[in-house]
Amino acid sequence: MNKALFITAASLLWTTSIQAQDVDWKLDKNHSRVGFVARHLAFAKVRGQFQKFTAKVRADVKTGKLSSFQATLEASSIDTDNARRDKHLRSDDFFAADKHPTITIKSKSFKWKGNKFTATVALTIRGITRDVKFEGELLGMRMVNFGRGAHPRAAFEARATIDRTKFGLK
C-alpha cells in the first residue's frame with residue numbers, strides 16, 4: 001500500500017499586541033513549506049510540495065507552543081518538478097483538483113513533551129476527512145528585529161504518514 005509522508009515547516013510571526021497566553025500568529029510564507037515524499041513503484045521516492053497554501057495559527061506568546069492550527073492547500077498547486085506527473089496528480093486518479101480544489105488540515109489536539117508534540121488533526125482530501133497523527137517539534141523561538149520593531153518568531157516541523165487510498169487517491 002502506498003503511503004505519503006507530509007512534511008510541514010513553518011516560521012511564524014506574532015501579530016497581535018495583546019499579551020494573552022495564546023495569540024494569533026502569522027505564517028511567514030517565505031520560510032514555510034508544505035511538502036511530501038511519496039513512494040513510486042513501491043521503491044522509488046517522489047518529492048513535491050504545494051505552492052499555494054494559507055494557515056491560521058494560535059500559539060503561546062512566551063513559549064511558542066501551538067494551541068491550534070488550520071491550513072488550506074490548493075490542490076492544483078501541487079508541484080513535483082514534472083509537469084506531466086503534476087497534471088496526473090491533479091486528475092481524478094489522485095486529487096481531482098477541479099472537483100476538490102482544497103485540502104484542509106485542522107488541529108483537534110496537541111500533546112506537548114518539552115519541545116516535541118503530537119497533534120491529532122482532521123485532514124480532508126477529496127472531501128474525505130480522517131484523523132491523522134502528526135509528530136512535530138518546535139525548532140526554536142526568538143525575538144527578532146528586521147527594522148519593524150522587536151517581535152517573536154517561532155519555527156516548527158511536523159510529519160505524518162498517510163495511506164492515500166483512505167482518501168480516495170488511486
Side-chain angles (χ1 to χ4, degrees), residues 1-12 25 27-57 59 64-66 68-141 153-170:
M1 201 172 300
N2 289 337
K3 294 187 178 184
L5 175 67
F6 278 78
I7 305 168
T8 58
S11 179
L12 303 173
W25 291 60
L27 186 72
D28 179 354
K29 290 195 76 165
N30 291 322
H31 296 96
S32 300
R33 179 176 185 274
V34 178
F36 59 89
V37 177
R39 289 285 187 175
H40 174 66
L41 301 175
F43 59 86
K45 292 182 180 180
V46 172
R47 291 172 182 7
Q49 64 186 343
F50 291 90
Q51 297 288 354
K52 296 180 181 177
F53 57 91
T54 60
K56 293 180 182 179
V57 181
K65 290 184 176 180
L66 298 169
S68 71
F69 178 85
Q70 190 172 332
T72 302
L73 322 174
E74 289 186 27
S76 64
S77 76
I78 194 165
D79 179 8
T80 63
D81 204 26
N82 180 305
R84 187 172 159 199
R85 178 174 44 227
D86 295 345
K87 182 178 178 183
H88 187 214
L89 291 171
R90 291 182 192 106
S91 78
D92 195 51
D93 284 344
F94 288 92
F95 291 103
D98 57 334
K99 297 175 195 160
H100 303 282
T102 60
I103 297 165
T104 61
I105 304 167
K106 186 173 182 180
S107 65
K108 294 176 89 176
S109 66
F110 286 92
K111 292 182 183 172
W112 285 90
K113 187 173 184 179
N115 282 345
K116 297 188 186 268
F117 64 88
T118 300
T120 300
V121 306
L123 174 63
T124 303
I125 302 173
R126 290 180 60 114
I128 299 169
T129 303
R130 302 263 189 255
D131 283 355
V132 174
K133 295 254 189 233
F134 275 78
E135 298 294 328
E137 180 178 9
L138 168 61
L139 301 174
M141 183 177 156
R153 282 201 179 204
F156 303 86
E157 184 172 84
R159 299 172 185 238
T161 300
I162 66 164
D163 179 343
R164 65 183 172 89
T165 64
K166 293 188 186 231
F167 292 93
L169 302 171
K170 300 173 187 155

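Nothing here was measured: the structure is a model prediction, and the numbers come from that model. Numbers for residues simply follow the sequence, beginning at 1.
Atom CD1 of Ile105 sits about 11.5 Å away from atom OG1 of Thr129, to the nearest 0.5 Å. Atom CZ of Arg33 and atom CZ of Phe50 lie 10.5 Å apart (nearest 0.5 Å). Between Lys65 atom NZ and Met141 atom CE the span is 11.5 Å, to the nearest 0.5 Å. Expressed to the nearest 0.5 Å, how far CD of Glu74 lies from OG1 of Thr102 amounts to 8.5 Å. A distance of 9.5 Å separates CZ of Arg85 from CG of Asp79, quoted to the nearest 0.5 Å.
Side chains of Leu123 and Arg130 form no contact here, defined as non-hydrogen atoms less than 4.5 Å apart. Using a 4.5 Å heavy-atom threshold, the side chains of Asp92 and Arg126 count as touching. Counting heavy atoms from C-beta outward, Lys108 and Lys106 have side chains that stay 4.5 Å or more apart. The shortest distance between side-chain heavy atoms of Leu27 and Phe53 falls below 4.5 Å. Between Phe69 and Val121 the shortest side-chain heavy-atom distance does not fall below 4.5 Å. Put simply, the side chain of Val46 does not reach to within 4.5 Å of the side chain of Asn82, judged on heavy atoms. Annotation: side chain of Ile128 is not in contact with side chain of Lys166 (no heavy-atom distance under 4.5 Å). The shortest distance between side-chain heavy atoms of Leu66 and Val57 falls below 4.5 Å.
Across Ala75 and Ala97, no two heavy atoms sit closer than the pair CB-CB, 3.9 Å. Closest non-hydrogen pair, Ala154 versus Leu138, comes out as CB-CD1, 4.0 Å. What you find for Ala59 and Trp25 is that their closest heavy atoms are O-NE1, 3.1 Å. Considering every non-hydrogen atom in both Asp81 and Asp86, the closest pair reads N-OD2, 4.0 Å. Taking each heavy atom of Val132 and Ala160 in turn, the nearest pair found is CG1-CB, 3.6 Å. Nearest approach of Phe134 to Ala158, heavy atoms of both residues: CD2-CB, 3.9 Å.
Phe156 and Trp112 have perpendicular rings, their planes meeting at more than 60° on a 0 to 90° scale where under 30° would count as parallel.
Atom NZ of Lys52 is surrounded by 12 or fewer heavy atoms from other residues, nucleotides or ligands within 6.0 Å. Within a 6.0 Å radius of NZ in Lys113, other residues, nucleotides and ligands contribute 12 heavy atoms or fewer.
Under a 4.0 Å N-O distance rule, the pair Lys133/Glu135 does not qualify as a salt bridge.
Test Ile78, Ile125, Thr104, Val34 against Leu73 for side chain to side chain contact (heavy atoms under 4.5 Å, CB included) and you get one pass: Val34.
For the pair Ser91 (side chain) and Asp93 (backbone), a donor-acceptor distance under 3.5 Å is present. No donor-acceptor pair closer than 3.5 Å links the side chain of Arg90 to the backbone N or O of Asp98.
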Practice task
Show your working on ring-ring contact (aromatic ring centres under 6.0 Å, His included) between Phe95 and His100 and close with a plain yes or no.
Solution key: CA-CA 7 Å; Phe95 291 103; His100 303 282; over 10 Å; no

